[in-house]
Amino acid sequence: MHVIAAKKIIPVVVLEDAADAADLADALVAGGLGCAEVTFRTAAAAAAIKAMAVRPGMLVGAGTVLTAAQVDKAVDAGARFIVSPGFSPTVVARAQSRGVPVFPGAASPTEIMQALDAGLDIVKFFPAEQLGGVPMLKALSAPFGSVRFIPTGGVNTGNLASYLGVKSVLAVGGTWMVAPDLLAARDWDGVTSRTKAALAVSGSSASSASAPGAS
């Protein structure tokens, strides 16, 4: 949790070939971001998590987790946190029983309250832009003051600072620094470059938020 909160950005990775996982991990670490969410959207997910989890300085979680069986598969491979696109009591309970943080997706006040009932105070706001983006996030933050959000879906370099400017945002999830075209081309230098640029934005946002008179 401290790593995620400090970096404020979680690359959302969709890998077709687990053989690329180690190089991707190295590219992210070289860019200054030792954190990633590997999604269970491909058959390579578990093997990719295993390969990335052993890289020095790398914190790996599993995303698009839809079932309890996938929770087990992810944690057994080395995942340190679980992310799901929606709220599933079964997925949440299994992650909690395995002792790993879980961030379920929430698109409404009802789902946020379900997360609170499950003992959680961090949710994935997904799909962020399609749900109304920053204005919607601010509206949800008002009645749920204890909840921290990880907006994901449509977040990019153009709106990253706006999302990070919301006090209730713990971190953001995004694919732009690990875009499919970069991964397909094995453009690891491109991944590193985009990662550095993203961290520069998050660093500037953090400085602005801590400045005297910041709201």
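Quick caveat: nothing in here was measured; it's all calculated off a predicted structure.
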Next on the checklist: Please say yes or no: joined through hydrophobic side-chain contacts below 4.5 Å, possibly via intermediate residues, are Leu199 and Val169 part of one cluster?
Outcome noted: yes

Checklist entry - Are side-chain heavy atoms of Ile9 and Leu160 found at a separation under 4.5 Å? => result yes

Checklist entry - Who are the salt bridge (charged side-chain N to carboxylate O under 4.0 Å, His left out) partners of Asp17, not counting sequence neighbours? => result Arg186

Item to check | Side-chain heavy-atom pair Ile10, Ile4 within 4.5 angstrom cut-off | outcome: yes

Next on the checklist: Taking side chain to side chain donor-acceptor pair (under 3.5 Å) as the cut-off, I'd like each qualifying pair that reaches into residues 188-200, sequence neighbours left out, listed once.
Outcome noted: none

Checklist entry - Other than Val12, what residues sit in its cluster of Ile, Leu, Val, Met, Phe, Trp and Tyr side chains whose heavy atoms are under 4.5 Å apart, directly or through others? => result none

Checklist entry - Would a hydrophobic clustering, with Ile, Leu, Val, Met, Phe, Trp and Tyr connected at side-chain separations under 4.5 Å, put Val13 with Phe103? => result no

Item to check | Distance in Å, Leu164 CG paired with Lys8 NZ, rounded so as to fall on 0.5 Å steps | outcome: 7.0 Å

Checklist entry - Is Val172 reachable from Val201 through a run of hydrophobic residues whose side-chain heavy atoms are each under 4.5 Å from the next? => result yes

I'd like a table of donor-acceptor pairs (distance under 3.5 Å, sequence neighbours excluded) in which one partner is a side-chain atom from residues 22-38, with atom names and distances.
unit_1: Asp26; atom_1: OD1; unit_2: Arg55; atom_2: NE; d: 3.3
unit_1: Asp26; atom_1: OD1; unit_2: Arg55; atom_2: NH2; d: 3.1
unit_1: Asp26; atom_1: OD2; unit_2: Arg55; atom_2: NH2; d: 2.7

Next on the checklist: Tell me every residue that passes salt bridge (charged side-chain N to carboxylate O under 4.0 Å, His left out) with Arg148, counting only those two or more places apart in sequence or in another chain.
Outcome noted: none

Item to check | For Ala79, side chain to side chain contact (heavy atoms under 4.5 Å, CB included) partners two or more places apart | outcome: Ile49, Ala62, Ala74

Checklist entry - Is Val54 reachable from Val60 through a run of hydrophobic residues whose side-chain heavy atoms are each under 4.5 Å from the next? => result no

Checklist entry - Is there a side-chain contact between Val100 and Phe81 (heavy atoms, below 4.5 Å)? => result no

Listed pairs under 3.5 Å, donor-acceptor, residues 116-145 side chains, sequence neighbours left out:
unit_1: Glu129; atom_1: OE2; unit_2: Tyr163; atom_2: OH; d: 2.5
unit_1: Ser141; atom_1: OG; unit_2: Leu137; atom_2: O; d: 2.8
unit_1: Ser141; atom_1: OG; unit_2: Ser168; atom_2: OG; d: 2.5

Next on the checklist: Can you pull out every side chain to side chain donor-acceptor pair (under 3.5 Å) where at least one residue sits in residues 150-159? Sequence neighbours excluded, please.
Outcome noted: none

Next on the checklist: Could you work out, with side chain to side chain contact (heavy atoms under 4.5 Å, CB included) as the rule, every residue matching Lys50, not counting sequence neighbours?
Outcome noted: Ala77

Checklist entry - Do the side chains of Phe149 and Ile112 get nearer than 4.5 Å, heavy atoms only? => result yes

Item to check | side chain to side chain donor-acceptor pair (under 3.5 Å) contacts in which one or both residues fall within residues 92-107, not counting sequence neighbours | outcome: Asp72-Arg94, Asp72-Arg98, Asp76-Arg98

Checklist entry - Short question: side chain of Thr39, backbone of Gly63 - any donor-acceptor pair under 3.5 Å? => result no

Checklist entry - Any side-chain heavy-atom pair from Val83 and Phe40 closer than 4.5 angstrom? => result no

Item to check | Single-linkage hydrophobic cluster Leu170~Val147, side-chain heavy atoms < 4.5 angstrom | outcome: no

For residues 86-93, which side-chain N or O atoms pair as donor and acceptor with protein atoms under 3.5 Å away, sequence neighbours left out?
unit_1: Ser88; atom_1: OG; unit_2: Thr90; atom_2: N; d: 3.4
unit_1: Ser88; atom_1: OG; unit_2: Val91; atom_2: N; d: 3.2

Checklist outcome for this item: Heavy-atom nearest pair, Met52 first then Ala21, reads CG-O, 3.4 Å

Checklist entry - Heavy atoms, side chains only, cut-off 4.5 Å: are Leu183 and Asp20 in contact? => result no

Next on the checklist: Which Ile, Leu, Val, Met, Phe, Trp or Tyr residues join Val14 in one cluster when any pair of side-chain heavy atoms under 4.5 Å counts as a link?
Outcome noted: none

Checklist entry - Minimum heavy-atom separation for Ala115 to Pro104, with atom names? => result CB-CG, 4.4 Å

